[in-house]
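Since the structure is predicted, the reported quantities are computational estimates derived from the model, not experimental observations. So that the names make sense, note that chain A is the first sequence line, chain B the second, and so on, each numbered from 1.
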Amino acid sequence: MDTYNFKQSVTCVSLGADKNNGGTRGFSLNVGGNNTMPFFGLDNASEPIIAFEIMDKIPSDPPVQLREVWGDVWHDAGLWAEKCVKEYSSKLICVNFVSAKPDEGGTTAEKACETLRKVLSRVEVPIIIKGTGIAGIDNVILPALAREGRGERLLIGPVLQENYKEILAGAIKYGHNVIAESPIDINIAKQTNIMLTDLGLEHSRILMDPTTGALGYGLEYTYSIMERARFAALNGDKALAQPFINFVGLECWRSGEGRKIGYIWEAITALAFIQAGSDILVMQHPSAIKRVRELLSLVA
Amino acid sequence: MSKIFSVTFLPLNTIIMAEKGMTIYDCALEAGIDLNAACGGGGVCGKCLVTIFPEGYQVKACNYKIFGDITVKLNKSASSFIPAIINSTSLKHFSWQSNSIFKKINIELSKPTLDDPRDDVARLRDAIFLLTGIDNIDIPLSILRRISRRLRENNWNIYVIYAQLQGKIIVTHISDDTEIRLIAVDLGTTTIQASIIDGESGAYLASASVLNPQSLYGADVINRIIASEKHLSELSESVNNIINKLMECMQEYIGDKKPVQCVLVSANTVMLHFLYGFTPEFIRKEPYVPVSKSFPILEGSQLGIDAPIVLTSPCIASYVGADIVSGVIYTGLYKSDKPCLFIDLGTNGEIVLGCKDYIVCCSASAGPAFEGGGLKCGKRASGGAISSVEINDGEILVKTIDGSKPDGICASGFISILANLLRNKIIDKRGRFNDDSPFTVSDGEYKKLIIHEDNNIFIDESDIENFMRAKSAIFAASEFLLNSMGVSNKELSKVYIAGGISESLNIEDSFEIGLLPYIENGEYILSGNTSLYGSIIMLGDRALYDKAFEISQQAMYFDLASAPEFNELWSAGMFLPHTDESKFIVK
């Protein structure tokens, strides 16, 4: 098949540091490096990686399907992470610190660090850390977690236009990567990347979260932004040439239809974002993940 | 019986009698005092603060209802509307053409006899036709009423001054010899400027300007349209009266009251509606349709203006008016080989892209920022306004427009400030203050940057954001027009900047903050009051007046509010200089 020759590749970002690189992970993962649009074919560089999402407390009001799978372990983040790796061959885990949210009771930096410690000691895969998106809370938790996980080359987010300075300091000092979040706005995405790199963060340490909309809940908006940004990146716009991360599981399982229909909703949403150029799909249900892996094995 | 109280306004010492329950704002309106209330009394802008005297507490004039005799001290930005003479050497001068609109002829009419009993009007028409070849001749009522006596007083040897335009003649003077005096008025939303021109040489006899008294009803056209739902006749009368006042002011300066032949008014569409007493209410509502884009030639008496006739040039659309057409004529954009951009940096921010093959335009609706509005220490470009700054050795040095003590910042001053702050990394590309800047003062979460300590002049992040919105609107609107015509910056030969701000605008600073597009193969031309100059050269060449009608018909207007691409472009402009920095790299 003819492929179009684009001017520039997406920047490569390395997740996780092994013993030789100052961490305790078993291996590193590379994301990014794509040099063409997904519909021209996926290769090693552009095949997205699936991250399993776990939480630092038992989710309140969880969908039945999720309880069926994780109900035995989700009281303990360490056990939960272990199950992802041992039973489902997870290569990447995202710890979502939901307990930090005010309506979930709130948590302290110490407790959060304890959770991270547990997960780091139980599994050897690279780790993603997700905060609440509330600047006041994240500015306390995320820097503490950055320090706790120093050397491990975590992926920490979200970093927003409002609070990037506070989070950035810890990320740079302790050698982590950063998720730059934007509200389905290509200009804000670009501006945030410019602000981050202006302050000294290398391009090779940034992932973009364009804010994912689940199927039926804004998927096409996210899709458009991703496609436009990726296209601009491949055509030479350095400020947009970062890999994408999509929180598919989170969005699908809190949507009305998603909860009702189940893991297929999550799978379909994920499949759409593969086409848009997603580099990390953060997902929750193993059956959805299985479907996505099946498709990837067919096309990649 | 409702109680009546006296309301005294200091320092003007104006006293009016008002009914219990009236707001101070209403009283000020009645007294003809402008509280500089951008929202026209709507309760939202907070600019109408006045001080109750002698108690000393501040209240919002639009909120405070009087319930007793009261004395109110006005804030320093309140003003009243007295025209002031402008030194006309600071204005551009023009050479007059041979086909100027107004002409004077000396006619020796044959006396009526029994053999030739033609009526006076027919006799005059025949004579004018013989001399000019034009038989479409209008004689206004005011002249008809005097014609018979004039002809006989002058023994049938009379000087006739007439306007010849659009294929017809309108007689404005029949009497003895006199100079041709013409008045051109730029009826701006914020400032009104007028000039008396000698209709034979084109020389300025006097120029004057005054704040638009309609600002009592709001700073921008939309607020005034809303006010016109209740106050159309007041809004209309106020502009017609102020034109007379400008005339009086200039005549006093010249030293005589020789008759004026016409007033040619150039203004945006809404202001012209007010001039004629047309309701502008439907301009504000989709699909934004004016009563008319061109206006009838009326006798001054029909509009309460002291001149035989009132002329206007036509408009292009609801939001791009005769002032812009005037600017297009003056800059010559309509006959350029290569595309040119014309930007009016005023309250409305109209932009035109064109050349001899096409003209397209839009209105960026930039807001009051370019008139110094919407900023905490903003003011119009007048004495005391900071127009440029320099940052040296940790100090901010300011320059004001006239060298007097600074009491506010005008738009070009703000542009200079932004460019300097950006250059010195005191603000980041989003326009937020960087930490540990020596100039910022914090009050909890709120930060402000002191520009001039003694006079408490400062800016804060919301001022910067407001200004960025305005500058982004202008840049995005220009880009939009360029994109829609497939024209790249490289092809632009000239960028004309019009409006009061062009007097003191720094192009480099404007470029640095992303206000103006970068042009490789062309030049920026600061054009001044193109609305006024365009009117003057139209008076000097009737072919240009005809051209204005052609332009108003042929120009294409883009409505930015309904163009989704515009929002994107505007959003990308909310960065200093721009989200796409490559647009501003000087190659």
Notebook entry, point to check: Which atoms form the tightest heavy-atom contact between A/M37 and A/E227, and what is the distance?
Noted result: CE-CG, 3.8 Å

Item checked: Distance-only side-chain donor-acceptor flag, B/D559 / B/S562, under 3.5 Å -> yes

Checklist line | Backbone of A/Q161 reached by a side-chain donor or acceptor of B/R430 within 3.5 Å | finding: yes

Note to self: Heavy-atom cut-off 4.5 Å, strictly under: side chain, backbone, both or neither for A/I186 against chain B?
What the structure shows: side chain

Next item on the list: Report the relative orientation of the aromatic rings in B/Y496 and B/F342; use parallel for angles under 30°, tilted for 30 to 60°, perpendicular for over 60°.
Entry: tilted

Check: What part of B/E581 gets closer than 4.5 Å to chain A, counting heavy atoms only: side chain, backbone, both or neither?
Finding: side chain

Note to self: Given heavy-atom pairs under 4.5 angstrom as the criterion, report whether the side chain, backbone, both or neither of A/D237 touches chain B.
What the structure shows: neither

